[in-house]
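Take a look at the structure set out below.
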Amino acid sequence: MSQAVSRYNKSMDQQHFFQRGLIAWYQPENRPLPWKGINNPYHIWLSEIILQQTRVEQGMSYYLRFVEAYPSIRDLAAAPDDEVMKLWEGLGYYSRARNLLAAARYVTTELGGVFPHTYTGILALKGVGAYTAAAIASFAFNLPHAVVDGNVFRVLARFFGISTPQDSTAGKKEFTQLAESLLQRDQPALYNQAIMDFGATVCLPRNPKCGQCPLHTECVALRDKRIAELPVKSKKADQDRAFFSLFDLQLRR
DNA sequence: AAGTCGGGGAA
DNA sequence: TTCCCAGACTT
């Protein structure tokens, strides 16, 4: 019992260190972005759809062009399909554009142009999954939902030394629960921005800046020299290629 | 649980 | 080349 309590307390200390360190580190002006510091749900939503599996630098100009072309969600809803697809050209994952338009029309016609303001309402929109719903809910409405994207998986896996594959069912559950427990519920938007900015600028996928990391003294992966191994993914394109090239080699003999 | 959808930058 | 990017959806 006392051991369990002790371990529990240590974990809580670790979590508090993480939260405080992250917030202390975060300076919004370090990474100014057009969709940062605003609370227009339409603009937030648009930016999040564009940024799905897309680098900020690549999505930036598209976001600006969409906002320019369609100042309101009604404008987007009224746009012809081919015009929107043309504007999306070059971004990839074109189903995002189709879902974007479908959702815009749904909000405009079915919801009277009022963007849904609850997590479940937002999640119901086409093209909006758990991550995007949490992002919109927190950034636009300051609702307490923790974002869990590639940055968050990486930061949490390393700092807490979690080796559960992030793309497994168990992993998604574990990381999501941890993220929710870490979320500073009195300032969800700020906290979510902070952890993603941290992952994008300090706790990088390769060659993370551990030397100048404000959390390095308590980072489990750094302590155990497992930075390069974390986070773990079970889907390994790598493994498949290795297998098939080996198979190929057998056939050639 | 595994597969699919993409262009692009960095190592 | 490989990995990964503010993932979601279908099978």
Assess the side chains of A/Q177 and A/E180: does a donor N or O sit below 3.5 Å from an acceptor N or O?
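There is no such pair between these side chains.
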Expressed as a whole number of Å, how far does the P atom of B/dG6 sit from that of C/dT11?
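One P to the other, the span is 15 Å.
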Rounding to an integer number of angstrom, what distance separates B/dA10 and C/dA6 when you compare their P atoms?
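Their P atoms lie roughly 13 Å apart.
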What's [X] touching, base or sugar-phosphate or nothing? Going by heavy atoms closer than 4.0 Å.
| X | result |
| --- | --- |
| A/L33 | base |
| A/W35 | base |
| A/A130 | sugar-phosphate |

Write down the distance between [atom1] ([X]) and [atom2] ([N]), rounded to a whole number of angstrom.
| X | N | atom1 | atom2 | value |
| --- | --- | --- | --- | --- |
| A/K235 | C/dC3 | NZ | P | 14 Å |
| A/Y62 | B/dG6 | OH | P | 13 Å |
| A/R96 | C/dA6 | CZ | P | 12 Å |
| A/F153 | C/dA8 | CZ | P | 10 Å |
| A/Q52 | B/dT4 | CD | P | 20 Å |
| A/K36 | C/dA6 | NZ | C1' | 11 Å |
| A/Y93 | B/dG8 | OH | P | 14 Å |
| A/L100 | C/dA6 | CG | P | 19 Å |

Would you mind telling me which of C/dA6, C/dC3, C/dC5 lies closest to the side-chain atoms of A/R206?
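Output: C/dC3.
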Counting heavy atoms from C-beta on, name the nucleotide in C/dG7, B/dG8, B/dA11 closest to the side chain of A/R55.
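Ranking C/dG7, B/dG8, B/dA11 by closest atom to the A/R55 side chain puts B/dG8 first.
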DNA chain B: A/L91 or A/S168, which has the more 5' nearest nucleotide?
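The 5'-side residue here is A/S168.
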First encountered from the 5' end of DNA chain B, between A/T54 and A/N207
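That would be A/T54.
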Establish whether the base of B/dG8 is bridged to the side chain of A/Q58 by a donor-acceptor pair shorter than 3.5 Å.
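Side chain to base: no pair below 3.5 Å.
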Out of A/L215, A/L22, A/L182, which one pairs with A/F159 under the side chain to side chain contact (heavy atoms under 4.5 Å, CB included) rule?
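The single option meeting the side chain to side chain contact (heavy atoms under 4.5 Å, CB included) with A/F159 is A/L215.
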Looking at [N], I'd like to know if its phosphate oxygens (OP1 or OP2) sit under 4.0 Å from a side-chain N or O belonging to [X].
| X | N | value |
| --- | --- | --- |
| A/R154 | C/dC5 | yes |
| A/T132 | C/dA8 | yes |
| A/Q53 | C/dG7 | yes |

A/L51 side chain near A/Y63 side chain, heavy-atom distance below 4.5 Å
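They are not in contact (no side-chain heavy atoms under 4.5 Å apart), so the answer is no.
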Considering only heavy atoms from C-beta outward, does the side chain of A/W35 approach that of A/L46 to under 4.5 Å?
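A/W35 does not reach A/L46 side chain to side chain.
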Assuming nearest nucleotide by heavy-atom distance, tell me which of A/N99 and A/V56 is located more 5' along DNA chain C.
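Looking at DNA chain C, the more 5' nearest nucleotide goes with A/V56.
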By nearest nucleotide on DNA chain C, pick out whichever of A/D149 and A/V128 is the more 5' one.
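The residue closer to the strand's 5' end, by nearest nucleotide, is A/D149.
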Ion pair present between A/R31 and A/D197, side-chain N to carboxylate O less than 4.0 angstrom?
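A salt bridge is present here (some side-chain N lies under 4.0 Å from a carboxylate O).
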What orientation do A/H145 and A/Y119 show, parallel under 30°, tilted 30 to 60°, or perpendicular over 60°?
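The arrangement is parallel - the two ring planes meet at less than 30°.
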